[in-house]
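All values derive from a computational prediction rather than experimental measurement. So you know, we letter chains A, B, ... as the sequences are listed, proteins then strands, and number each from 1. Excluded from the calculations below are hydrogen atoms, water molecules and symmetry mates; all remaining heavy atoms, backbone and side chain alike, are included.
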Protein chains: 2
Amino acid sequence: MLTGTNLVYTKKYNLRIVHEVIRVHGPLSRADVARHTQLSVQTVSNLVKELLSLRLVQEGGRRSEGRGAPSTELTINPDGAHAIGLDLDRDHLTGVLVDLAGQVRQRMHMEVETPSPAEVVDLMCGMVETMATRQGLGVGDLAGLGVGVPGPMRRDEQGTGYLVNPKAFPGWHDIPLAGRLRERLDTPVYLENNALAAAVGERWYGAGRQVGTFFYIYVGSGLGGGLIMNGQPYEGFTGNAGEIGYLPTVLSGDASTPATEDAPHVGLHFNMPRLYERLRRGGTEVGTLEELDQLFAKSHPGMLAWMDDAADHLTALVLAIEYVLDPEAICFGGRLSDRILAGLMDRVAQLLPTRRPHGKVSVPRHLVATAGVDAGALGVATLPIYEIFAPAPRLLLKDRRGGAHGGSGLRRSARSL
Amino acid sequence: MLTGTNLVYTKKYNLRIVHEVIRVHGPLSRADVARHTQLSVQTVSNLVKELLSLRLVQEGGRRSEGRGAPSTELTINPDGAHAIGLDLDRDHLTGVLVDLAGQVRQRMHMEVETPSPAEVVDLMCGMVETMATRQGLGVGDLAGLGVGVPGPMRRDEQGTGYLVNPKAFPGWHDIPLAGRLRERLDTPVYLENNALAAAVGERWYGAGRQVGTFFYIYVGSGLGGGLIMNGQPYEGFTGNAGEIGYLPTVLSGDASTPATEDAPHVGLHFNMPRLYERLRRGGTEVGTLEELDQLFAKSHPGMLAWMDDAADHLTALVLAIEYVLDPEAICFGGRLSDRILAGLMDRVAQLLPTRRPHGKVSVPRHLVATAGVDAGALGVATLPIYEIFAPAPRLLLKDRRGGAHGGSGLRRSARSL
DNA sequence: GTAATTATTCCATTCATTGGAATATATCGA
DNA sequence: TCGATATATTCCAATGAATGGAATAATTAC
């Protein structure tokens, strides 16, 4: 839609920008904020007053640098908002409750074994209520609930939600998980592929805070990816952008790769059950990511062989991302241990120069994700907060089809953002 | 930069939106425009008055549909702006002068043979002045000049321009082509990789007018690509997004592909000089795209073999684009004849289902570019017009680092956009 | 012919940003 | 120590873009 704008949207956007600039660069004085945003000091003063009354930012001590009146330090109020993120995968359900500063205030984890949709909904609602209560909050006080699932997913016909359709869950087919949770909990629910969610988390709280455009490579129980462009998550037309696991292993069709029922694609090389199976055939019995970390620490030959193969394919993917997207950075994260991730990144860094066509002048930086094994849960927890606070230029336009996530978001405050 | 906005930007943006909505969906009445833009009719009335006085839109006849007062039809004034686009490649220099409606009003074409930078600047300035004069315009009346070159390029240190560094021109190295033309002609100059330029042209005048996000695959003297996201061209962090020709031919490193001094990459399979050489070794002497078209029409075996190989690689690239970007559409264009392009698209369409991992529900549409052999020149001609008229949300923000293209743009009118 | 409907414009109002001025509080230099 | 200077912040009035209400005009429906 080609919609116009007016000064109502201007105000909302400026409120968000002031909030964001304090969040990212804070602590800042009002004058600092004015310099960053190129707004006048009067405007900033007014907007800050509003953010203070909403308890989204707070005044700190006064600090004098050089001559002139000392400035009042403004920082984000961590308790300005809380959100819950749930990361669901074949083998686990992890939940975190985070505050506006990105601190994890509550955490829950449970092992599951390909549960049914009804079981999942029950487990999730239980987790949400338990964590909220422990934090002294009602579910209605939350900015919302983010739920991460392994992709791919698809939108429903009206475009008002997502249906889950994960290959990892055999019994699942077109389950409107977000809708069901929304009904039960009466709070906004954001369902997202966990790779993109992790990318949003990184953009909001992590290494991506200062980076406008980056690709996040997520290694969980398989291989996924998420894309942040100009600071905004990019979901793609059908909601499956970044699903690099499905890239064909060979660009020309005539080569030979592991035979499967499916067309040969990179994801097969990162499929954890396949890796466990491979190690088992080699005589090593493992079944969890922690055990893989132990194997790697002991330089287990089968594990190292997998690492080399994985790095080989990752290198090619990195090149594909470099040339298709030319991002500022590529971020590596997921549920692997930090040690394994570092090992993969080292190998990729060594392989890259040998595979890159000559003459490339500048290459994207490689970042390590900061969130560790809870990246997925942290990432999805960011979604509701992001929705309420992120200064997306889209918000300046009248076309507000969004809001399909239902609920009212953050009842007590910040309704005006 | 996290900058704010104010009502000055609001107005500018709304002017552009009204213009754009008439351009894309017109002819429209003021009331229609209000419905599209969700602005009030009074606002639209005021903005239209301004666009009329700038001679950017024009009133047509009155049309009555059903009861009620008949509406006045508003259309874009084709003579509201003119721009020139120059497409430079190893073997030719093509220029077009287009109007605001996208009609080619003047065209010039000349064969060149890897000319020196100084020669190119002279030729270009001559072309610009000749075409402007023939159209009854001064160079200063133009919205600007777009120049397309084969990638890759790079920005200079201050980020205020681009340096050309094309592999196709042996003698060229870090030539600030845009700067030199700007000095000589005193008009805004937009230098761009011709693939992205063609994508912008398609977005503005062609099949991409109604499509928000698409990838443009450009086959010229090599293989390139351009990316339009949410209606905006995406250049990438270093300005080389979409350079799919540099993707490695094999994702794993151990396969065998045509041996070269460079790492094996897809572009080698689309390199026209290499194709000519290959055909020559097969006993067929050709050296132009027209001759290739003739060969294809006669079902020349060597040409068909190349088509099959090219389609094989294109298929893989299409898959990579599908999964990394998940665009709404993929557009095929460039300087190949329509017939060859259609042949490639047919082959790709046949191969795709066999290579795509199962379970993908919806796939991007494939579009044929509408611009034909002049796609490059038409595309770059769009750049100055696009810069002046496109409603980019970015324009709503105070951060206006852009404008590195110099000059004043459209002296007589539209300075307020 | 009259009522209903739609397009467009005139006029007054609203409201966010902003420029100018005022105030407060610090450092710098003598 | 004291005045000069610099900086942060707020108060007040002005600016200007969008908008709601009302008026006008032109057409169709009945």
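- Between the CG atom of A/D32 and the P atom of D/dT7 there is a distance of 12 Å, given to the nearest Å.
- Nearest-nucleotide mapping onto DNA chain C: of B/N6 and A/A69, the residue sitting toward the 5' end is B/N6.
- Of the residues near DNA chain D, B/Q42 and A/T72, the one whose nearest nucleotide (by heavy atom distance) lies more toward the 5' end is A/T72.
- OP1 or OP2 of D/dT19 sits under 4.0 Å from a side-chain N or O of B/S40.
- When each of D/dC11, D/dT19, D/dT9 is scored by its nearest atom to the side-chain atoms of A/V41, the top-ranked nucleotide is D/dT9.
- Set against D/dC11, D/dT19, D/dA26, the side chain of B/P70 has D/dA26 as its closest nucleotide.
- Contacts of B/S29 with the nucleic acid, taken as non-hydrogen atoms under 4.0 Å apart, involve only primed sugar atoms and P, OP1 or OP2.
- If you find the closest nucleotide of DNA chain D to A/R35 and to A/T5, the one lying nearer the 5' end belongs to A/R35.
- One can place CD1 of B/I17 at 12 Å from P of D/dA18, the figure rounded to the nearest angstrom.
- With contacts defined as side-chain heavy-atom distances shorter than 4.5 Å, the pair B/L39/A/K398 qualifies.
- When only modelled atom types and interatomic distance are considered, B/Y386 and B/Q232 share a side-chain donor-acceptor pair under 3.5 Å.
- Between B/S45 and B/L7, the one whose closest nucleotide on DNA chain C sits nearer the 5' end is B/S45.
- A salt bridge does not link B/E20 with B/R209: none of the charged nitrogens is closer than 4.0 Å to a carboxylate oxygen.
- Closest approach of A/I385 and A/A83 over heavy atoms only: CG1-CB, 3.7 Å.
- Rounded to a whole Å, the NZ atom of B/K11 is 5 Å from the P atom of D/dA17.
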For this session: Show your working on side chain to side chain contact (heavy atoms under 4.5 Å, CB included) between A/T3 and A/Y9 and close with a plain yes or no.
Result: CA-CA 12 Å; A/T3 54; A/Y9 297 90; over 6 Å; no

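- Among the nucleotides D/dT19, D/dA8, D/dC11, the one closest to the side chain of B/L39 is D/dT19.
- Using a 4.5 Å heavy-atom cutoff, the side chains of A/L52 and A/V57 are in contact.
- Judged purely by distance below 3.5 Å, without hydrogens or angles, the side chains of A/N46 and A/T43 never pair a donor atom with an acceptor atom.
- The nearest pair of heavy atoms linking A/P384 to A/G144 is CG-C, 3.5 Å.
- Residue A/N46 contributes atom CG, which lies 9 Å from atom P of D/dC11 at whole-angstrom precision.
- Side-chain N/O atoms of A/K398 include one lying less than 4.0 angstrom from OP1 or OP2 on D/dT19.
- Side-chain atoms of B/R55 and B/D79, non-hydrogen and from C-beta on, never get closer than 4.5 Å to each other.
- In this entry the distance linking CD of B/Q38 with P of D/dT19 reads 11 Å, nearest Å.
- In summary, contact between chain A and DNA chain C, defined as any nucleotide atom under 4.0 Å from a heavy atom of the protein, begins and ends at C/dC15 to C/dC28 in the 5' to 3' direction.
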Nucleotide N/O of nucleotides 28-30 of chain D paired with protein N/O under 3.5 Å:
unit_1 : atom_1 : unit_2 : atom_2 : d
D/dA29 : O4'    : B/R67  : NE     : 3.4
D/dA29 : O4'    : B/R67  : NH2    : 2.3

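- Looking at heavy atoms from C-beta onward, B/L15 lies in side-chain contact with B/E50 at the 4.5 angstrom threshold.
- Within the 4.0 angstrom heavy-atom criterion, only backbone atoms of the sugar-phosphate kind lie near A/S71; the bases stay farther away.
- Note: CG (A/L52) to P (D/dT9) measures 11 Å, nearest angstrom.
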